[in-house]
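Encoded as structure tokens, the structure appears first; notes follow it.
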Amino acid sequence: MTTDNQYWAMSSHPEGMPNKENFKLVSEKLDEPQFGQILIKTLYLTLDPYMRGRMRPGPSYAPGLKIDEIMTGEIVGIVEISNSKKIPIGSFVRSRSGWTKYSIKSDSEVTVLENSSHSISTSLGVLGMPGLTAYHGLLEIGKPKAGETLVVSAASGAVGALVGQIAKINGCRVVGTVGNDIKARYIKEELGFDFAINYKTENIEKKIKEFCPNGIDIYFDNVGGEITDIILNNLAYKARVIVCGQISLYNATKQPIGPRNLWSLIRTQSKIEGMLVSEYGDKKNKVAIDRISKWISDGKVKYKEDIVEGFENAPSAFERLFTGENFGKLLIKVSSV
Ligand code: NAP
Ligand code: FER
């Protein structure tokens, strides 16, 4: 028996903002899974900013996509056919299958999702890669202490929202930058941040000086660009800057020269460090997921998912990450169980 499948491939390298023309929907037939393999039906596909980097030719920390190659991405799905002794039909799994409706994987390549009180989609967000990024980036590099001031950019997003909440749990004063007033209200009223700055409508420098009169002890950078320039000029003594993402530059057609304001690092004797979520290993990741999961159960951490229905909408939904139209962890709902 074969299975009719569809997947999204990259048909051309984007110039600037990615658009539908850079993707193509491919139909294929999948054979039966072989010994030790499973057939997975995708339930949710996650869309993440790093995928834009994979669409760029040239060197990076991971190989770029070739033309006509399936788009990179993680999914959660249900096992429809199993030829594995380890993973029975009906199991929920997370897999690096790409933007696809169905996939065949070896049982050793996927993570079986244990019964959890949280929905399976969280294993792509707050209990998955973005959650681990926030947890390790903040706790291992930022090392927050009670009473310190933290600023996080893209603060209502999958990573930023958790960074701010973990900082609050650690007793920090927390400021988030966001791109609209609804997100600003959300991080203050729902997530308990102390202050929000709408970087599109407010004077960022003025607000930073108002909210952080003693300077910024920790900056968790998700965006780069002008916001980061301003924040670097307002660091406190011995500040820590975690360079997690630079989304404002991901569609730039020319890479910028800079940063030019590193003098502030000398003046304040601060540290700036880039991070990659993949560097922390299974042991630390398990501790992190158990702790975040408990914080959610205890009502100390909230999360938001932005779920777009329909596999056909993946390319247009992807653009939302770069316009700020997503609000929370961006996911595509591909199928129901
Ligand atoms: P997200 O915050 O849920 O979504 C992206 C958000 O970025 C948008 O909603 C938008 O929010 C903001 N944004 C887009 N263009 C912008 C611009 N030009 N200037 C300022 N903000 C802009 O995404 P996420 O998954 O949590 O990822 C956040 C960052 O973390 C990304 O830079 C990503 O690459 C990085 N990341 C890094 C690692 C790592 O290992 N280093 C792992 C995961 C994620 P607004 O409406 O607020 O502008
Ligand atoms: C990874 C390392 C980094 C990964 C994602 C990232 C999915 C994200 C980086 C970014 O968004 O900049 O192994 O796996």
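In each ligand, atom 1 is the first atom listed, and ligand 1 is the first ligand listed.
At least one N/O-N/O distance between Met275 and ligand 1 falls below 3.5 Å. Inclusion of Arg54 in the set of residues having an N or O under 3.5 Å from an N or O of ligand 2 is not warranted. In terms of polar-atom proximity, defined here as any N/O pair under 3.5 Å, Tyr250 does make such a contact with ligand 1. Between Val159 and ligand 1, a contact under 3.5 Å exists for at least one N or O pair. Annotation: Gly160 places no N or O atom under 3.5 Å from an N or O atom of ligand 1; distance criterion only.
Checking Arg173, Arg240, Lys143, Lys238 one by one against Glu148, the salt bridge (charged side-chain N to carboxylate O under 4.0 Å, His left out) holds for a single residue, Arg240.
Residue contacts with ligand 1: Met129 is included, with a non-hydrogen atom under 4.0 Å away. The closest approach between a heavy atom of Tyr199 and any atom of ligand 1 is below 4.0 Å. Assignment of Cys244 to the shell around ligand 1 is supported, since a heavy atom sits closer than 4.0 Å. Put simply, no part of Lys329 is less than 4.0 Å from ligand 1, judged by heavy atoms.
Scanning all protein heavy atoms for the shortest distance to atom 9 (C) of ligand 2 gives Tyr61 OH, 3.0 Å. Among protein heavy atoms, atom 10 (C) of ligand 1 sits closest to Gly324 CA, 3.6 Å. With hydrogens left out, the protein atom closest to atom 4 (C) of ligand 2 is Val277 CG1, 4.0 Å, a heavy atom. The protein atom (non-hydrogen) at minimum distance from atom 14 (C) of ligand 1 is Leu321 O, 3.2 Å. Given atom 11 (O) of ligand 2, the protein heavy atom at minimum distance is Tyr50 CB, 3.2 Å. Nearest protein heavy-atom neighbour of atom 2 (O) of ligand 1: Gly157 CA, 3.2 Å. Of all protein heavy atoms, the one lying nearest to atom 3 (O) of ligand 1 is Ala158 N, 3.0 Å. Taking atom 2 (C) of ligand 2 as the reference point, the nearest protein heavy-atom neighbour is Ser278 OG, 3.4 Å. Protein heavy atom nearest atom 38 (C) of ligand 1, with residue, atom name and distance: Thr133 CG2, 3.6 Å. Nearest protein heavy-atom neighbour of atom 15 (N) of ligand 1: Phe322 O, 3.6 Å.
The nearest non-hydrogen atom to atom 18 (N) of ligand 1, considering only Ser278, Gly131, Gly328, Ser248, comes from Ser248. With distances taken over non-hydrogen atoms, the option nearest atom 12 (C) of ligand 1 out of Ile247, Asn326, Val243, Ile182 is Ile247. Of the listed options Pro49, Ala154, Gly179, Gly179 places a heavy atom closest to atom 47 (O) of ligand 1.
Under a 4.0 Å criterion applied to the non-hydrogen atoms of Tyr250, ligand 2 contributes the atoms 12 (O). Listed by number with element, the atoms of ligand 2 under 4.0 angstrom from any heavy atom of Arg96 are 7 (C), 14 (O). Close approach of ligand 1 to Val277 is summarised as follows: ligand atoms under 4.0 Å from at least one heavy atom of the residue are 39 (C), 40 (O). Proximity to Gln246 (heavy-atom distance under 4.0 Å) selects the following atoms of ligand 1: 32 (O). Heavy-atom proximity to Leu276, at under 4.0 Å, picks out these atoms of ligand 2: 2 (C), 3 (C).
The number of heavy-atom neighbours closer than 6.0 Å to OH of Tyr61, taken from other residues, nucleotides and ligands shown, is above 12.
Under 4.0 angstrom from ligand 1, the non-hydrogen atoms of Asn222 come from both its backbone and its side chain. Of the heavy atoms in Glu325, none comes closer than 4.0 Å to ligand 1. Counting heavy atoms under 4.0 Å from ligand 1, residue Lys183 touches it through the side chain alone.
For the pair Ile141 and His136, the minimum side-chain heavy-atom distance is 4.5 Å or more.
A salt bridge links Asp290 with Lys286: at least one charged nitrogen is closer than 4.0 Å to a carboxylate oxygen.
Using a distance-only test at 3.5 Å, with no hydrogens or angles considered, no donor-acceptor pair links the side chain of Lys86 to the main chain of Gly36. Of the possible donor and acceptor atoms, one in the side chain of Lys183 sits under 3.5 Å from a partner among the backbone N and O of Gly324.
For Trp99 and Phe318, the ring centers are positioned less than 6.0 Å apart. Between Tyr186 and Phe327, the ring center distance clears the sub-6.0 Å criterion.
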